[in-house]
Amino acid sequence: VTGVQTCALPIWIRAYKYSKKNPVDEMYKVEKGTYDVRFDFSSGATYYTNDIVVVYFDDKISVSKKKKLMKEYGLGVMAQCDSLNQVQLYVGKKKLGELEDICEDLENENGVLFATTDTLQPYFLTYKYGGTDDPWDNTFIDSYWYEDKINAKDAWSHSSDMKTVKVGIYDSGLYGDHEDLKNVIKCLHDEDKTDDDTNFDGSGAHATHVAGIIGAERNNGKGLAGVSCNSDMVFNYAYRDKINIDVKLFNIDLFSFDVQYISQLGWYYHILELIKDDCKVVNISMGMNIDNTSENGKKMIEEEAKYSSFFVSRMLDSGYDFVICQAAGNSSTDSICSGSFCSITKDNCYTEARSYDDIISHVIVVGAVSTSFDGTTGMLTYFSNYGDGVSITAPGEQIYSCIHPYSGVDKYYEYYDGTSMATPIVSAVCAMVWGANDKLSGADVKSIVCDTANTTYNIMPYQSEDNGSYRMVDAELAVEAALDR
C-alpha cells in the first residue's frame with residue numbers, strides 16, 4: 001500500500017480504554033480492556049488491533065451457544081453491534097498470525113458467519129486541487145459544464161414528480177456553516193459540524209466540496225445549485241477519534257502526514273449509521289491505494305472484498321435497501337486497488353448468504369471523465385482508476401463547488417479534480433432516480449443509472465493498459481427511465 005511503510009507511526013501505540021457494563025452477559029465483560037495497535041512486519045504493511053477478533057454470528061444461533069463460543073475463544077467482550085449481530089471479542093495480546101488462526105477456527109463453528117481481525121487501513125481523499133485564482137471570473141471553463149454534460153437541468157424539469165431522498169456523505173471535515181450548505185445538510189453527530197474545521201485535508205474543504213456537488217442550496221442567489229434537486233444530505237465524519245459509548249463501538253484513528261488510518265470497525269459502522277438513518281444513497285469519495293502486484297497487496301484486496309461484501313449482505317438481510325457509490329480512485333490503476341466496495345469481484349465476494357449479483361447490484365464504482373469531448377465521445381482523466389469494476393463514469397475534472405474559506409482567504413468556491421468529484425454527481429443522480437420512483441429497489445436504481453440505454457456519452461480509456469470502454473451518467477435519461485417504470 002503506497003505510503004504505509006514510510007508513515008511516521010510508532011511501532012506500538014497505546015490506544016483507548018473501554019470500560020462499560022457488557023450487555024451480552026453481566027458475568028462476562030472486560031472492565032479495563034485496552035485496544036493496542038501494532039505493526040505486523042511479516043505482512044509488510046499491516047497495522048492491527050492486537051487483542052481482539054471481530055465475530056459475526058448467525059441470527060439463528062441460540063443465546064447459550066453464542067455465550068459458549070465467546071467463553072471458549074475469548075477472555076471477554078470489548079463491545080458489540082446488535083444491528084450486525086457482531087461481537088468484538090477480547091482474546092488477549094497476540095500476533096497477527098495468531099489472531100488469524102483464531103478467526104479461522106471460529107469460522108468453522110456452527111453459528112458463526114464471519115470472523116476477522118481489526119486492521120487499520122490507510123484511506124486517501126480521492127481529489128486533486130484544480131483551482132484558479134477567482135472561480136467567479138474563471139475563463140478556463142464554464143462553472144456548470146459538468147451539470148450541462150449530464151443533462152442535470154433537464155432532469156430538474158421533473159422535480160415536481162420527485163420525493164425527497166436522503167443522501168449520506170461519509171467523508172472528512174465539513175464546513176457546515178457554508179452559505180450554500182447550512183440549510184440543506186445535517187450532521188449525524190453534532191460535534192462534527194464546525195465552522196473552522198481543519199481536519200485531515202487541512203481545510204475542511206473535501207466533504208464541503210462533495211456536499212456542494214450533490215445538493216448545494218438552490219434558488220438562494222449564491223454560489224451554485226447542486227446536481228440533485230431532491231436530496232436531503234446527512235454527513236458522517238470518517239475520522240472520528242473517540243469511542244462512541246452509546247453505539248458500543250470501538251473506533252480508532254491514527255494520523256500520519258497525508259495518510260489517514262481508519263479501523264475497519266469504524267469504517268463500516270459509520271456507513272451503517274448512515275443507512276440506519278434512512279440514507280438510501282451513501283457517497284464515499286475515499287479509498288485506498290493497494291499495490292495489486294504484490295502478494296500482500298493481493299491478500300489485502302481479498303480481505304477488503306470479503307469484509308465489504310459481507311457488510312452489504314448483512315445489511316440487506318437486515319431489511320435495509322440502499323446504493324453505495326464509491327470513488328474508483330486517482331492512481332491510474334485498476335479500481336480494485338481502492339479497497340472496500342471497489343475491491344469486490346465475482347471471485348472474491350462473500351456469497352454464503354447472497355449471490356455476487358445481489359451484492360454488487362447495490363454498489364456503484366465511479367470513474368472520472370475529463371473536460372475533453374468529441375461529439376458523444378469523451379475520455380477518462382489521466383488519474384482515474386479504471387477496469388471491469390467501474391460501473392459508470394461522471395465528470396471529474398475542473399468541478400466547481402463549495403469549499404472552506406481556509407487560511408484566511410475569503411473564498412467559498414473552487415475547482416477540484418478527482419473521482420471524489422465524479423462520485424457525488426452519480427450519487428445525486430441516484431437520489432433523483434429514487435425520488436422519481438420510490439417503488440424502486442436499490443438494485444433497480446443502479447440498473448437504471450448504469451444502463452447503457454440511459455446514457456449518451458461513450459468514454460474511452462486514457463491509460464494504454466486499459467482495454468475497456470465506459471459510459472457517462474445522464475441525469476435526464478435516468479430520471480425519465482425511472483418515471484417510466
Side-chain angles (χ1 to χ4, degrees), residues 1 4 9 11-18 20 22 24 30 33-40 42-43 45-57 70 73-107 112-123 238-245 247-256 259-273 288 290 296 299-311 314 339-340 343 350:
V1 180
V4 172
L9 285 169
I11 297 303
W12 178 87
I13 299 170
R14 175 72 65 175
Y16 300 104
K17 291 184 178 180
Y18 183 99
K20 182 176 172 65
N22 188 339
V24 175
V30 176
T34 301
Y35 292 94
D36 288 336
V37 177
R38 293 180 181 268
F39 185 81
D40 180 61
S42 63
S43 68
T46 302
Y47 288 94
Y48 68 101
T49 309
N50 77 334
D51 52 6
I52 66 168
V53 294
V54 186
V55 189
Y56 295 85
F57 291 98
M70 289 191 293
Y73 285 93
L75 303 174
V77 173
M78 296 289 269
Q80 69 179 43
C81 173
D82 294 334
S83 297
L84 297 175
N85 203 355
Q86 172 215 87
V87 168
Q88 298 162 41
L89 195 61
Y90 177 68
V91 295
K93 294 178 175 57
K94 299 183 182 299
K95 295 180 179 179
L96 181 60
E98 295 173 320
L99 294 174
E100 291 174 338
D101 288 343
I102 293 173
C103 290
E104 184 177 349
D105 290 342
L106 274 164
E107 288 187 337
V112 175
L113 296 178
F114 182 42
T116 183
T117 59
D118 182 34
T119 57
L120 284 78
Q121 308 294 6
Y123 284 90
Y239 308 122
R240 191 171 295 108
D241 58 352
K242 64 187 179 69
I243 300 170
N244 189 332
I245 297 297
V247 296
K248 300 171 292 200
L249 179 87
F250 162 69
N251 177 32
I252 175 175
D253 301 330
L254 303 175
F255 293 83
S256 181
V259 180
Q260 179 81 31
Y261 283 77
I262 306 176
S263 74
Q264 287 185 320
L265 284 172
W267 175 270
Y268 291 104
Y269 194 85
H270 290 156
I271 297 169
L272 178 147
E273 284 186 306
M288 301 169 67
I290 304 172
N296 288 325
K299 179 182 177 182
M300 188 174 292
I301 289 171
E302 294 286 323
E303 292 172 347
E304 287 289 306
K306 184 177 181 181
Y307 210 144
S308 57
S309 56
F310 177 85
F311 173 83
R314 196 69 167 158
S340 194
S343 291
Y350 177 90

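The first residue in the sequence is number 1, and the count goes up from there.
In this structure the side chain of Met70 reaches within 4.5 angstrom of the side chain of Val77, judged on heavy atoms. Residues Glu100 and Thr117 meet the side-chain proximity criterion, which asks for heavy atoms closer than 4.5 Å. Taking 4.5 Å as the limit, some side-chain heavy atom of Leu84 sits within range of a side-chain heavy atom of Leu272. Side-chain atoms of Val55 and Val112, non-hydrogen and from C-beta on, do get closer than 4.5 Å to each other. A 4.5 Å side-chain heavy-atom check between Gln86 and Arg314 finds every atom pair outside the cut-off. When side chains are defined from C-beta on, Thr49 counts as touching Asp51, because their heavy atoms get closer than 4.5 Å. Using a 4.5 Å heavy-atom cutoff, the side chains of Val54 and Tyr307 are in contact.
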Please determine whether side chain to side chain contact (heavy atoms under 4.5 Å, CB included) holds for the pair Leu96 and Asn50, giving the CA-CA distance in whole Å, both sets of side-chain angles, and the decisive distance to 0.1 Å.
CA-CA 7 Å; Leu96 181 60; Asn50 77 334; over 6 Å; no
Apply side chain to side chain contact (heavy atoms under 4.5 Å, CB included) to Val53 and Leu106, showing your working.
CA-CA 10 Å; Val53 294; Leu106 274 164; 4.1 Å; yes
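In this structure, Glu304 contributes its side chain and Ser343 its backbone to no donor-acceptor pair below 3.5 Å. Here the side chain of Glu98 pairs a donor or acceptor atom with the backbone of Lys95 at under 3.5 angstrom.
Annotation: the span from Leu99 atom CG to Lys93 atom NZ amounts to 11.5 Å, rounded to 0.5 Å.
Of the candidates Tyr56, Tyr268, Trp267, Phe311 forms a ring-ring contact (aromatic ring centres under 6.0 Å, His included) with just one, namely Tyr268.
Listed here is the closest heavy atom pair of Ile102 and Tyr73: CG2-CD2, 4.2 Å.
The aromatic rings of Tyr350 and Phe114 lie tilted to each other, with the angle between the two planes from 30° to 60°.
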